[in-house]
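Have a look at the structure below, then the notes.
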Amino acid sequence: MTIDDVELLVRWDDDPDVASAIGGRGADWYDWSVELVRDVPWRELLIIEEDCRPIGFLQLVDAHEEESHHWGDIEAGTWALDIWIGSPADRGRGLGAQAMSAALGRAFREHGAEVVVIDPVVGNRRAIAFYERFGFEHVGVREFDDVECSVMRRSRSAID
Ligand SMILES: CC(C)(COP(=O)(O)OP(=O)(O)OC[C@H]1O[C@@H](n2cnc3c(N)ncnc32)[C@H](O)[C@@H]1OP(=O)(O)O)[C@@H](O)C(=O)NCCC(=O)NCCS
């Protein structure tokens with residue numbers, strides 16, 4: 001991602017499904033014009049493309065090193081993942097699944113993650129089903145900024 005992506009990201013943030021998914025990140029969520037010019041060692045901000053057309057957002061965060069400690073006291077080697085496909089027309093076509101496979105491979109192989117965690121809003125049933133298909137297991141429900149989220153994890157040993 002670069003600063004040129006701000007307009008796109010703001011548009012995606014306004015999509016109702018994305019907005020309710022971000023609800024789980026509450027006040028933690030990003031001011032893109034600030035975040036995209038910051039280079040921090042514990043995070044990768046990525047754009048998902050289909051044939052060079054930007055369609056979604058994906059981030060990989062070292063949850064142990066991340067500065068706001070969103071995940072609290074969490075073991076070293078744990079990475080967090082956030083993903084969305086920005087427009088309804090691009091969802092349900094298998095693109096999210098392809099991006100997810102690539103991102104998990106990247107987290108485990110390139111970043112040496114032992115575990116990947118995610119925190120979908122409890123009511124985001126379709127996203128939860130999507131993660132379950134990737135071998136994520138439910139750890140429990142936790143409140144992030146007053147929103148109930150389902151904490152899910154997948155370990156390196158579950159890698160395809
Ligand atoms: C969740 C998401 C990344 C999945 O990507 P995708 O490209 O739509 O998924 P795929 O086409 O690879 O797989 C389809 C599956 O994704 C899940 N899914 C979740 N939200 C969906 C949506 N709005 N439309 C279609 N599929 C969705 C379902 O499990 C679906 O399977 P189903 O059709 O049997 O219900 C994407 O739908 C999305 O960004 N949704 C809105 C924002 C969101 O909820 N992000 C997750 C935050 S935790």
Side-chain angles (χ1 to χ4, degrees), residues 1-13 15 18-49 54-86 95-122 124 127-128 130-132 134-160:
M1 268 183 212
T2 71
I3 190 69
D4 294 336
D5 296 314
V6 169
E7 199 182 316
L8 191 60
L9 291 159
V10 168
R11 184 161 18 108
W12 290 343
D13 284 354
D15 173 86
V18 172
S20 62
I22 296 174
R25 304 290 307 211
D28 269 0
W29 200 243
Y30 293 152
D31 176 345
W32 292 113
S33 53
V34 173
E35 294 304 324
L36 291 183
V37 291
R38 266 189 350 126
D39 191 16
V40 288
W42 43 261
R43 175 180 68 190
E44 261 194 317
L45 296 171
L46 302 163
I47 290 279
I48 304 165
E49 293 185 343
I55 58 154
F57 161 83
L58 202 152
Q59 76 167 350
L60 290 171
V61 171
D62 183 331
H64 182 71
E65 297 292 332
E66 186 266 326
E67 65 190 13
S68 80
H69 303 296
H70 173 81
W71 288 91
D73 188 15
I74 198 156
E75 247 179 282
T78 306
W79 281 66
L81 184 156
D82 289 285
I83 178 173
W84 48 84
I85 304 294
L95 301 172
Q98 283 180 51
M100 193 72 187
S101 294
L104 288 174
R106 196 164 175 81
F108 290 122
R109 296 190 190 99
E110 314 243 340
H111 294 300
E114 291 298 329
V115 173
V116 172
V117 288
I118 47 181
D119 57 350
V121 174
V122 162
N124 196 350
I128 289 171
F130 173 81
Y131 296 134
E132 283 168 344
F134 279 90
F136 280 87
E137 292 175 345
H138 291 269
V139 176
V141 171
R142 184 166 153 192
E143 273 196 15
F144 289 106
D145 294 306
D146 297 331
V147 179
E148 285 202 327
C149 296
S150 181
V151 174
M152 302 177 80
R153 81 195 289 279
R154 177 178 155 168
S155 64
R156 171 197 281 274
S157 55
I159 201 165
D160 296 332

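Everything quoted here is computed from the prediction, not taken from an experiment.
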Partners meeting salt bridge (Lys or Arg N to Asp or Glu O under 4.0 Å) with [X] (sequence neighbours left out):
X    : result
E114 : R156
E35  : R38, R43
D15  : R91
D62  : none

*Can you name the ring pair (Phe, Tyr, Trp, His ring centres under 6.0 Å) partners of W12, sequence neighbours left out?*
none
*asked:* Checking H111 now: which residues fulfil ring pair (Phe, Tyr, Trp, His ring centres under 6.0 Å) with it, not counting sequence neighbours?
replied: W79
Nearest heavy-atom neighbours spanning [X] and [Y]:
X    : Y    : result
P120 : I128 : CG-CG1, 3.7 Å
G86  : V18  : O-CG2, 4.4 Å
A103 : L81  : CB-CD1, 3.9 Å

Go through the structure and list residues passing side chain to side chain contact (heavy atoms under 4.5 Å, CB included) with [X], not counting sequence neighbours.
X    : result
R142 : W71, F144, V151
H69  : none
D31  : S33, V34
Q98  : L95

How long is the gap from [atom1] on [X] to [atom2] on [Y], to the nearest 0.5 Å?
X    : Y    : atom1 : atom2 : result
I48  : M100 : CD1   : CE    : 10.0 Å
L58  : I85  : CG    : CD1   : 8.5 Å
S155 : F108 : OG    : CZ    : 6.5 Å
Q59  : E66  : CD    : CD    : 8.5 Å
L9   : I47  : CG    : CD1   : 5.0 Å
R154 : I118 : CZ    : CD1   : 10.0 Å

*Listed partners of E75 passing side-chain hydrogen bond (donor to acceptor under 3.5 Å, both in side chains), at least two apart*: none
_Holding to side-chain hydrogen bond (donor to acceptor under 3.5 Å, both in side chains), I want the full list of residues that pass it with D13, two or more places apart in sequence or in another chain._
W32
Could you tell me whether the side chain of [Y] reaches within less than 4.5 Å of the side chain of [X], counting heavy atoms only?
X   : Y    : result
P41 : E65  : no
T78 : H64  : no
L45 : D5   : no
D82 : D119 : yes

*Could you walk me through whether V116 and Y131 pass side chain to side chain contact (heavy atoms under 4.5 Å, CB included), step by step?*
CA-CA 11 Å; V116 172; Y131 296 134; over 6 Å; no
*Would one find more than 12 heavy atoms of other residues, nucleotides or ligands at under 6.0 Å from atom CD of E67?*
yes
*Around E137, counting heavy atoms of other residues, nucleotides and ligands shown, do more than 12 lie under 6.0 Å from its CD?*
no
*Could you please spell out the steps behind the side chain to side chain contact (heavy atoms under 4.5 Å, CB included) verdict for V117 and V139?*
CA-CA 9 Å; V117 288; V139 176; over 6 Å; no
